[in-house]
Amino acid sequence: MLTRGDTTDYNSAVTALNGTFEQLSETSSTISLWLVMSPKVVAFQTANQSDEIEPPQDSIDKEAIDLAKPVSRLLDSRLFRLTRPVILGEGSAADAQCYSCHRDLMGIQTGEVIGAFSIAIDTSSTWDQFTRMAWGAVAGTLIISLIISAVSTLLINRLAGRPLRQMTQVMISLAAGELEAEVPGSKRADEIGEMASALTVFKDNAITRLEVEQRLRLLTHATEQSESMIVITDNEGIMLYVNKKYEEVSGYSYAEVIGRHTSINQSGFTEVATYEEMWEQIKLGHAWRGELRNRKRNGELFW
């Protein structure tokens, strides 16, 4: 199972990462993937009564955070564990937003660990396969059996450890918005291949979200710079957005009108039938063109 702690994070890359976790949870029962916070971040989140608190889950997480370097280990010849710390000022934790949050708010200094990415993969099937091969080749020879067992352990670490480290680095790069990162292992027909496929979906989702955000930023810029008043409402006429030109002409500030009905501008000089026709056309998805004689905040009338 794959977990992300808090799924309400509105960062686009993390949102896409949450979707990747959900997809992997449905397709793989052998891989677990999670994020953890350093003690300072946990203490800060706890003090602020945050819903997002993700402490280390095991000794591997704690060791990687304490040593500030990746820790990988094969546990009981079954579970491969890898935890890679995220260090303030390095890689995905080097941008201004990360500094603003962790250094300015939490007092974490450059070079200190702020959290970690963790992966666990169940290698039971791989181990059993190697064990059967070893016993079939050296049955009755204890010494050779022990050698084969040791080689098998090293080989599992080579087959699983290196690709997982590569996947972790790709995941860190993609989460940091480095969407040109190449996802290795996509042609493999095992758990690594499943993870590569999911990360590819994550990359595609992140690229799509980035394109949407860029279009929204352009739209927002256009409306803010427009010489026409722009008001966006819901189907009931409750105002959701007004641009600067509206504030300038009407005299109402953004904060004063958001959540209020457009009738705040009515002057009584526009016929009710005009409003009824306007809303009827708008709710049908049609464009309406006409004139309204409205009232400013100071009582003056305007068209």
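Basis for what follows: all heavy atoms, side chains included, without hydrogens, waters or symmetry-related copies. Computed from a prediction, not measured in an experiment: that's the story for all the values here.
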Which atom of S38 lies closest to which atom of I108, heavy atoms considered: OG-CD1, 4.4 Å
Would you say T274's side chain and T270's backbone share a donor-acceptor pair under 3.5 angstrom? no
Hey, is E247 close enough to K244 for a salt bridge, meaning N to O under 4.0 Å? no
For the atom pair CZ (R84) and OG (S118), what is the distance rounded to the nearest 0.5 Å? 12.0 Å
Please give me the minimum heavy-atom distance between Q57 and V36, naming the atom from each residue. N-CG1, 4.2 Å
Has Q214 got more than 12 heavy atoms of other residues, nucleotides or ligands less than 6.0 Å from its CD? yes
Do L219 and I230 belong together in a cluster built from hydrophobic side chains that touch within less than 4.5 Å? no
Would you mind checking if R295 and E300 are paired as a salt bridge, meaning a charged N to carboxylate O distance below 4.0 Å? no
Any donor-acceptor pair under 3.5 Å linking the side chain of S250 with the backbone of Y246? yes
Decide side-chain contact (heavy atoms from CB on, under 4.5 Å) for K245 and V249; before the verdict, give the C-alpha distance in whole Å, the side-chain angles of both, and the deciding distance to 0.1 Å. CA-CA 6 Å; K245 191 65 176 179; V249 173; 4.1 Å; yes
For Q45 against I53, the heavy-atom pair lying closest together: CB-CG1, 3.8 Å
From I119 atom CD1 to I60 atom CD1, the distance as rounded to the nearest 0.5 Å: 13.5 Å
Determine whether L292 and W303 make a side-chain contact, defined as any pair of heavy atoms from C-beta on separated by less than 4.5 Å. no
Nearest atoms (heavy-atom pairs only) where T110 meets G89: CG2-CA, 4.3 Å
Is it the case that Y241 and T223 place a side-chain donor and acceptor less than 3.5 Å from each other? yes
Between CE on residue M278 and CD on residue E291, distance to nearest 0.5 Å: 13.5 Å
Greater than 12 external heavy atoms within 6.0 Å of K296's NZ: yes
Mind checking whether K40 and V113 have side chains closer than 4.5 Å, heavy atoms only? no
Say whether I65 and L67 are linked into one hydrophobic cluster, either directly or through other cluster members, by side-chain heavy-atom distances under 4.5 angstrom. no
What heavy-atom pair brings T262 and T233 nearest, and what distance separates the two atoms? CG2-CG2, 3.6 Å
Just so I know, are the side chains of H102 and V41 near enough to count as touching, which here means a heavy-atom distance under 4.5 Å? yes
What about V231 and I282, same hydrophobic cluster or not, with Ile/Leu/Val/Met/Phe/Trp/Tyr joined at side-chain heavy-atom distances under 4.5 Å? no
side-chain contact (heavy atoms from CB on, under 4.5 Å) evaluation trace for L240 with D234: CA-CA 7 Å; L240 305 176; D234 63 12; 4.2 Å; yes
Is it true that R297 and E256 make a salt bridge, defined as a side-chain N closer than 4.0 Å to a carboxylate O? yes
Between the CZ atom in F302 and the CE atom in M229, the distance rounded to the nearest 0.5 Å is 4.5 Å
side-chain contact (heavy atoms from CB on, under 4.5 Å) assessment of W34 paired with D61: CA-CA 10 Å; W34 63 92; D61 285 344; 3.0 Å; yes
Using a 4.5 Å cut-off on heavy atoms from C-beta on, say whether the side chain of M37 contacts that of P55. no
Would you say that E277 contacts W288 through its side chain, given a criterion of any heavy-atom pair below 4.5 Å between the two side chains? yes
Does the side chain of R260 come within less than 4.5 Å of I238's, by heavy atoms? no
How far apart are the closest heavy atoms of A68 and P85, and which atoms are they? C-CG, 3.7 Å
From CG (N243) to OG1 (T220), nearest 0.5 Å: 11.0 Å
Find the distance between CG (N265) and CZ (R293) and round it off to the nearest 0.5 Å. 14.5 Å
Cluster link Y275 to V257, ILVMFWY, side chain under 4.5 Å: no
Apart from L301 itself, residues in the same hydrophobic cluster as defined by side-chain heavy atoms under 4.5 Å: F269
Residues E63, R73; criterion side-chain contact (heavy atoms from CB on, under 4.5 Å); working and verdict: CA-CA 11 Å; E63 184 177 351; R73 195 164 296 146; 3.1 Å; yes
So do I87 and I114 actually touch side chain to side chain, heavy atoms under 4.5 Å? no
Classify the side-chain pair N294/S267 by whether it contains a donor and acceptor separated by less than 3.5 Å. no
Measure the shortest side-chain to side-chain distance between F117 and V86 over non-hydrogen atoms and say whether it is less than 4.5 angstrom. yes
Do H221 side-chain atoms and L216 backbone N/O form a donor-acceptor pair below 3.5 Å? no
Tell me yes or no: between the side chains of W279 and N235, is some donor less than 3.5 Å from an acceptor? no
